[in-house]
Participant: 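Following this message is one structure expressed as structure tokens.
First the proteins, then the strands, lettered A, B, ... as listed; each starts at 1. The basis for the numbers below is simple: all heavy atoms, side chains too, and nothing from hydrogens, waters or symmetry mates.
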2 protein chains.
Amino acid sequence: MVADADVAAVVGDDPPSSRVPLSTAIVVMAAVDHIEERGLPELTMRRLGQVLGVEAMSLYRHVSGREELLDAVVDHIVGEMDDDDDVVTGPTDGWQDFLQRLAHGVRRVALAHPRCFPLIASRPPEAPWLRPPLRCVRWVELFLQGLLADGFSDEAAVEAYRAFTSFLLGHLLLEVAAHGADVGLLDVLEAGSAPEGPDGGGLAGFPAVSRLRHLLTEDHAVAEFEVALETLLDRLAGLRSG
Amino acid sequence: MVADADVAAVVGDDPPSSRVPLSTAIVVMAAVDHIEERGLPELTMRRLGQVLGVEAMSLYRHVSGREELLDAVVDHIVGEMDDDDDVVTGPTDGWQDFLQRLAHGVRRVALAHPRCFPLIASRPPEAPWLRPPLRCVRWVELFLQGLLADGFSDEAAVEAYRAFTSFLLGHLLLEVAAHGADVGLLDVLEAGSAPEGPDGGGLAGFPAVSRLRHLLTEDHAVAEFEVALETLLDRLAGLRSG
DNA sequence: ACCTGAACACCGTTCAAGT
DNA sequence: ACCTGAACACCGTTCAAGT
């Protein structure tokens, strides 16, 4: 969006020398915007070049290929969390407050980039021997130091890292998938399969789903995130003292 | 693997009329095997045809396109769980036993197809208005009926469904990602970045990660799955009575 | 009935050539 | 220094034609 605006502002006037020069950052940001607006499969070197008013081949000056571009997209998004004081500040009011801030920070960027976020889980990890193989060793370091500094043993800190990671991944993937289904599949929802239809869109054989449709459709994401996070923190507290 | 063997067995002899005729099932199974062996990006209509001893265009007799083939792959894998009595049998010894069987059944097929499993999370959902948008309404039905039959209120059953789903997704995605990193990225691990190197593969700035490397590398997946599942079930028990 | 050849539009990527 | 044209190998997909 920022990149689009930059380019558009210049495309109006004509002086060719005032054309905003490409840079890695501009290419990556344009890729993020393009994925959010059109979806990952639509992100093509040629189309991205077109958006930037340039031939596809010019992009190779700034990124070394499509795969590397996707890695850079993930790094960019992860980088946004580093600009978030809530995320990057270690434990000052105890580890529970620390993990609360961390979790909400991650959730914020996941919701800000619902169609890019799944890339974080699907790109090959930075450190393959690290389990679970999440990206960005820096986070792992931050996490572990935070917990170690507040009374966790080595083993408890590592186990807490794993539990926290899988909780965030599962919850946020489902949450952004729900968002993506909203924005990306509206054209698939023809009238006959609308949720308010008398048969609920071909749910003839599924009485429970059909009857509880209203509950299943409701979005309690925030509240559920809070209570699940609270429960997780209680479990981690057990890890810490036990 | 099954499909490969079928074809190979016939390629030896020559009578052209005994050539195993293609079928949707054979194409889908070959696709599953190909993804497991070579990874998703390597799955190409042309290459899959080659594996089956046929031109790519012939595949379109049996599947209507690549996207639909991937959907069929997901359906095939989901279908494997339906053949699992542990999964498909409703609650007979209470809802906790039911969910234990369900969770382990899903985990079993996830580990059996580590490189296909992430497709379940990334394919567009069958019922976009269902949150979370997991595939296969039949499971949701099974899950809800099971819990409703054992004392859960409507609201508690739906909330339990969401908690259970995000738990399974998060845990299993990380677990299969760890497996994928094992088999798929061995070539990326040059000697200098091996975990046993003195600097742990460029971990200079990350003392905690570096020091706890052995703990982070260990695979406690089974044990962690069990304890996390147990904790989740305790939480769901609270939902049920409260 | 089932498979193929040829064709089309579209990819990612390279590199010598332009300005 | 930065971008482009032309080219290459490879996609998914269609369809008339073969057997």
Participant: How long is the line joining CG of B/L48 and P of D/dC10, in whole Å?
Facilitator: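 Interatomic distance, CG of B/L48 to P of D/dC10: 17 Å.
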Participant: Heavy atoms under 4.0 Å is the rule here; annotate nucleotides 12-19 of chain C 5' to 3' with B where the base is hit, S where only the sugar-phosphate is, and - elsewhere.
Facilitator: BBB-----
Participant: Work out which heavy atom in A/L172 is nearest to a heavy atom in A/R107; give both atom names and the distance.
Facilitator: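 Scanning both residues completely, I find the closest heavy atoms to be CD2-CG, 3.6 Å.
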Participant: To check you understand the geometry: which heavy-atom pair defines the closest contact between A/L40 and A/R66, and what is its length?
Facilitator: O-NH2, 3.6 Å
Participant: Starting from P on C/dT4, measure out to NE2 on B/H62 and report it in whole angstrom.
Facilitator: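 It works out to 11 Å between those atoms.
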Participant: Please tell me if the side chains of B/E175 and A/S166 come closer than 4.5 Å, counting only heavy atoms from C-beta onward.
Facilitator: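 They are not in contact (no side-chain heavy atoms under 4.5 Å apart), so the answer is no.
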Participant: Stems in DNA chain D: runs of 3 or more consecutive Watson-Crick or G-U pairs, distances under 3.5 Å?
Facilitator: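 Ordered by first number, the stems with DNA chain D (at least 3 consecutive pairs each) read C:4-8 with D:12-16, C:12-16 with D:4-8.
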Participant: Rounding to an integer number of Å, can you tell me how far A/L52 CG sits from D/dC2 P?
Facilitator: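 Those two atoms, CG and P, are 16 Å apart.
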Participant: Would you name the heavy atoms of B/R101 and B/V87 that are closest together and state the gap between them?
Facilitator: O-CG2, 4.3 Å
Participant: For a quick test of reading the model, state the closest non-hydrogen atom pair linking B/H76 to B/V28 and the distance between them.
Facilitator: CB-CG1, 3.8 Å
Participant: What pairs with B/E80 under salt bridge (charged side-chain N to carboxylate O under 4.0 Å, His left out), at least two apart in sequence or on another chain?
Facilitator: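 B/E80 satisfies salt bridge (charged side-chain N to carboxylate O under 4.0 Å, His left out) with no residue once adjacent residues are dropped.
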Participant: B/R115 and B/E37: which non-hydrogen atoms are nearest, and at how many Å?
Facilitator: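 Closest heavy-atom pair between B/R115 and B/E37: NH1-O, 3.5 Å.
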Participant: Nearest whole Å is fine: how far is C/dC3 P from B/I26 CD1?
Facilitator: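 It is 10 Å, rounded to the nearest whole Å.
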Participant: Testing the basics here: between A/V88 and A/L142, what is the closest heavy-atom pair and its distance to 0.1 Å?
Facilitator: O-CD1, 4.0 Å
Participant: What's the CD-P distance between A/Q50 and D/dC3, to the nearest Å?
Facilitator: 17 Å
